[in-house]
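Take a look at the structure below.
Start at 1 and go down the list; that is how both ligands and their atoms are numbered. Side chains included, hydrogens not; waters and symmetry mates left out as well; all remaining heavy atoms used.
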Amino acid sequence: MKLQINDTFLKELPADPIKENTRRQVSEACYSFAEPTKTEFPEIVHFSFDVAKILGITEDEAKSEEFLKVFTGNQLIENTTPYAMCYGGHQFGHWAGQLGDGRAINLAEVSHNEKQWTLQLKGAGATPYSRTADGLAVLRSSVREYLCSEAMFHLGVPTTRALSLSLSGDQVMRDVLYNGNPAYEKGAIVCRVSPSFLRFGSYEVLSARQDHKTLKTLVDYTLKHLYPNCELNKAGYIQFFKEVSLKTLDMVIHWQRVGFVHGVMNTDNMSILGLTIDYGPYGWLEDYNKAWTPNTTDAEHKRYQFGKQSSIALWNLLKLANALYPLIEEAEPLEEILNDYKKLYAGKYLGMIKAKIGLEINDEGDLKLIEDLETVLGKTETDMTIFYRNLSNVSNDLVVPERDEVSFLDTVFDAFYKPEEVKGEVLFFWKDWFNSYLERLQKETKSDADRKLIMDKVNPKYVLRNYMSQVAIDAADKGDYSIIDELYQLLKQPYSEQEGSEKWFVKRPEWARTKVGCSMLSCSS
Ligand code: AMP
Ligand code: MG
């Protein structure tokens, strides 16, 4: 492999002077040197040729012994020095102090086709930031991260990518339900790829320590490499914050569009590039319940539930603004950006849902139409993905009958988990909504076929439903990686009809309703 190394992070930012891999507080530095732990029987489970290509790795190289060794942490890339990044974070609303890459190690930064990428192993052993944990990751969480980050990319959602999924060959002890029943699981390593892994928490930790010198160095680095249109002065810092807020907003709108719930939107999991990062106890909305979160650790307060992701992102942006304040020393422009976020969100959210239901022109009744849709979707368990995807088959000249019959709902009927509940008040609401929707469609100019084409580009047919990952994980645990590959291939074209794949366009099966890993996930990974 001939990767073009371009280690700007290492060269331009201050390093922790201590070289030992011991756990500690690290000050006046952005990273600490840390090498991956070697493993005896590593094995590549899957690799993404798409991601290999953007790095300049050929298919043959990706199948080589060298690739296996490098991306399981058993061999260093020539002329590189691996490191773990220092960051802090607000976790579940509280400042948690230094966190850092406790189980992530950046192997190198590479340039290819004028793009810059950082290669990062997750689960390759302890670092100075591992605190009381082991620095490792298990197969189930690694399969989930690997498949989901690539699926999100193909859905058009800003995200970090994944190059490879490997087994370390070692066993890792985990207590999945945190109920005193630890067991051994297969250890795994994902190689993640992103233009940068900087997070809100990278800036927060320096600000919290009043290390304004390093803060300025890091912000200037960020602007130079990631926000090159921002100047290195106060106006540029404000512009930077504005751009981060716009990117974050864009990411959250995409999450709401495809039904993705991140699950742990702590500020250490918020990318400075507005990328979806750190796939932990995330989940996909199945029935349209805005209060849903897959994360059992958050079951009580549901801080990170689907419907609150935008306000949490705003709260996180406020924490970033506070962290940047020492460089700007003016609250007003930052407050203005935060206020704009709220206004922009309302407009973008409306536009996004309008696109999902095939509306292009503006009409004063649109907001109410969408509010009513969200209400009726919540009346009885209704599958978000199936509903929106099939709505594009509704014809302009559909007539809602006066009588108490459900046939007008034929196109979307598959979306109901409990079809027997679609009667009485629920049916009345659906009739009402469809009448308004059909009336509203009359104001549009597109034909049924053209509207369908456009709707099918924003309403995915295939998403990584929670149970699908679990099916792939259960097989992988037994050494069968075929479902990982099947899902990986399927999710490369989430908006396309794919022959032979209809089995993945179905509601969550009943067995998955309460199964751990499907409807609920802990942070144990
Ligand atoms: P998360 O919320 O999963 O993104 O992780 C929060 C913090 O805990 C980060 O600093 C992680 O690096 C760290 N962490 C999570 N799991 C482990 C682990 N198994 N070993 C070391 N650090 C970990
Ligand atoms: Mg994290």
**OP:** Have a look around the Mg ion (ligand 2) and list protein N/O/S atoms under 2.8 Å, or say none.
**Re:** N269 OD1, D278 OD2
Original post:
Counting distance only, does the side-chain N/O of D298 pair as donor-acceptor with the main-chain N or O of Y304 below 3.5 Å?
Top reply: yes
**OP:** Enter the distance from F41:CZ to L167:CG here, rounded to the nearest 0.5 Å.
**Re:** 13.0 Å
Subject >> Parallel, tilted or perpendicular, as decided by the 30° and 60° cut-offs, for the rings of F9 and Y221 >> reply: perpendicular
Original post:
Does NZ or CZ of R199 fall inside the cone over Y87's six-membered ring, less than 6.0 Å from its centre and within 45° of the axis?
Top reply: yes
Original post:
Tell me, which residues have any heavy atom less than 4.0 Å from some atom of ligand 1?
Top reply: Y87, Q91, L99, G100, D101, G102, R103, S130, R131, A133, D134, G135, L136, R174, D268, N269, D278
**OP:** Side-chain contact test, heavy atoms from C-beta onward, threshold under 4.5 Å: evaluate it for Y279 versus H262 and give yes or no.
**Re:** no
Subject >> Donor-acceptor pair, side chain of N266 and main chain of F92, under 3.5 angstrom >> reply: yes
**OP:** Verify, without hydrogens or angle tests, whether E66 (side chain) and M1 (backbone) share a donor-acceptor contact under 3.5 angstrom.
**Re:** yes
**OP:** Describe, in one word, how the ring planes of W511 and Y467 are oriented to each other, choosing from parallel (under 30°), tilted (30 to 60°) and perpendicular (over 60°).
**Re:** perpendicular
Original post:
Between N6 and E109, is any side-chain donor less than 3.5 angstrom from a side-chain acceptor?
Top reply: no
